2 protein chains.
Amino acid sequence: MKEVMDSNEGVQIVDEKKETRFSACLLFSANALARAITTIGDEEFGRFGLSYSHAYLLCEVVDQPGIMPSQLSQTLYLTPSTITRLVEKLEQKQLVRRESEGKKTLIFPTAQGEALQPAIAEAWQRAGARYTQAIGEDNIKGLTQHVFKAAQALGEEC
Amino acid sequence: MKEVMDSNEGVQIVDEKKETRFSACLLFSANALARAITTIGDEEFGRFGLSYSHAYLLCEVVDQPGIMPSQLSQTLYLTPSTITRLVEKLEQKQLVRRESEGKKTLIFPTAQGEALQPAIAEAWQRAGARYTQAIGEDNIKGLTQHVFKAAQALGEEC
DNA sequence: GCATTATAGTTGTATGTGCAAGCAACATAT
DNA sequence: ATATGTTGCTTGCACATACAACTATAATGC
């Protein structure tokens, strides 16, 4: 709550942070947070034409050349089909290449992909700085941890 | 961490809840949580052919007949264009109807829409119970509050 | 050794969401 | 009163993601 001067009617209570039935609902709040924070992420990573998930995937590939989609699926908490789509796009952009080996698929970074790494790291920094400032330095670490744990707990049960 | 018996090699440490560079990133974790919890939501609300956002929007309309898209946009933390799309679908399903009044649009529930309310409330309950059980009763309230505050903070700054 | 089942990936299709551009109604200024 | 801006909503397009169905390879049982 915040007091605001209104020139006609004097001091008014403005319900800035209004509590709704939704705010008490994690399903709602988690999605709201994800959308808000993704906006920042996409702004930063968008500078070189990637979404945050493409960037994260590329990081893993650079870090572990020859990684398989199934592993990426586990690490990134995304379904195999989504991984296929992400890799497809990175392949189009020549940041990654695929190699078939039996029923497996191995993913390697290209030189271009590796060269992008510093830019990604920087964007990551900047995104982090932005949302940390908005949310408040104190809360961030604990919040992140709790959010991640919750995500894991749900992932295992359902 | 969890110890697991492996018949060939004896006791092994299995890194079940592995910490990655991603788990420490709110951008990543928030999206992971949102996806996981939305899965539950869509399972429950899907019983009557709605996604959770359609259901929530319908709740607001039933509660405040004649509500305008702009208000819904604020309450639900969704862009106006998304509201249009959601309302379109609810209109197709005859759960809601639109009335133009000047440049405004007023949204009213139909009888069918109102009749769906109890089912929605029940689905809401069930979804809540499911994720509360998975995440742990103790954490839920605080987590939800923090998550919502963070979402708001980001919404205001960016 | 063949038949069955399991595993790894890909593709078709659908959905929720947002951005940018557009349009129509209203407000303001000169 | 006409011109200029502002507000409220909608539409075209794009994107990330998932599910279900499918293919191809590997593993297992008999």
Side-chain angles (χ1 to χ4, degrees), chain A residues 27-28 30-43 45-46 49-58 66-74 76-93 96 98-107 151 154-155 158, chain B residues 27-28 30-43 45-46 49-58 66-74 76-93 96 98-107 151 154-155 158:
Chain A
L27 171 50
F28 177 84
N31 273 288
L33 175 58
R35 286 193 302 270
I37 200 169
T38 299
T39 301
I40 294 182
D42 284 347
E43 269 172 38
F45 290 108
L50 298 182
S51 74
Y52 88 96
S53 20
H54 290 97
Y56 286 8
L57 195 157
L58 181 53
I67 194 173
M68 292 165 22
S70 47
Q71 299 172 262
L72 288 168
S73 174
Q74 277 176 19
L76 298 175
Y77 286 70
L78 292 169
T79 55
S81 73
T82 301
I83 299 293
T84 298
R85 298 291 146 79
L86 293 175
V87 172
E88 262 171 13
K89 191 161 211 173
L90 289 176
E91 212 176 16
Q92 273 176 21
K93 289 183 186 289
V96 136
R98 262 185 291 196
E99 235 170 67
S100 269
E101 188 170 284
K103 76 180 169 185
K104 298 182 195 168
T105 298
L106 310 182
I107 308 170
L154 290 177
C158 318
Chain B
L27 172 49
F28 176 84
N31 273 288
L33 175 58
R35 285 193 301 270
I37 199 169
T38 299
T39 300
I40 294 182
D42 283 348
E43 267 172 39
F45 291 108
L50 297 182
S51 74
Y52 88 96
S53 20
H54 289 97
Y56 286 8
L57 195 156
L58 181 54
I67 194 172
M68 293 164 24
S70 46
Q71 299 172 263
L72 289 168
S73 173
Q74 277 175 19
L76 298 175
Y77 286 69
L78 292 169
T79 54
S81 72
T82 300
I83 299 293
T84 299
R85 299 291 148 78
L86 295 175
V87 172
E88 262 171 14
K89 190 162 213 173
L90 289 177
E91 213 177 15
Q92 272 176 21
K93 289 182 188 288
V96 136
R98 263 185 292 196
E99 233 169 68
S100 269
E101 188 169 284
K103 75 179 169 187
K104 297 182 196 168
T105 298
L106 310 182
I107 308 170
L154 290 177
C158 314

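Excluded from the calculations below are hydrogen atoms, water molecules and symmetry mates; all remaining heavy atoms, backbone and side chain alike, are included. All values derive from a computational prediction rather than experimental measurement. Protein chains get the first letters and strands the later ones, always in sequence-line order, with residue 1 at the start of each.
- The distance between atom CG of B/L72 and atom P of C/dG18, rounded to the nearest whole Å, is 14 Å.
- B/T105 meets the side chain to side chain donor-acceptor pair (under 3.5 Å) test with no other residue; sequence neighbours excluded.
- Separating the CD atom of A/E91 from the C1' atom of C/dT10 is a distance of 12 Å, rounded to the nearest angstrom.
- For A/E99, the salt bridge (Lys or Arg N to Asp or Glu O under 4.0 Å) partners at least two apart in sequence or on another chain are A/R97.
- With sequence neighbours excluded, no residue forms a side chain to side chain donor-acceptor pair (under 3.5 Å) with A/S81.
- For B/K93 and C/dT15, the NZ to C1' distance is 12 Å, given to the nearest whole Å.
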Problem set entry | Under 4.0 Å protein heavy-atom contact, by nucleotide of nucleotides 9-19 of chain D - B base, S sugar-phosphate only | SBBBB-SSSBB

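- The CZ atom of A/F45 sits 4.5 Å away from the OH atom of A/Y56 when rounded to the nearest 0.5 Å.
- A/E91 pairs by the salt bridge (Lys or Arg N to Asp or Glu O under 4.0 Å) definition with A/R98, not counting sequence neighbours.
- Here the P atom of nucleotide C/dG9 and the CD1 atom of A/I107 are 8 Å apart, to the nearest Å.
- For B/T82, the side chain to side chain donor-acceptor pair (under 3.5 Å) partners are B/T79, not counting sequence neighbours.
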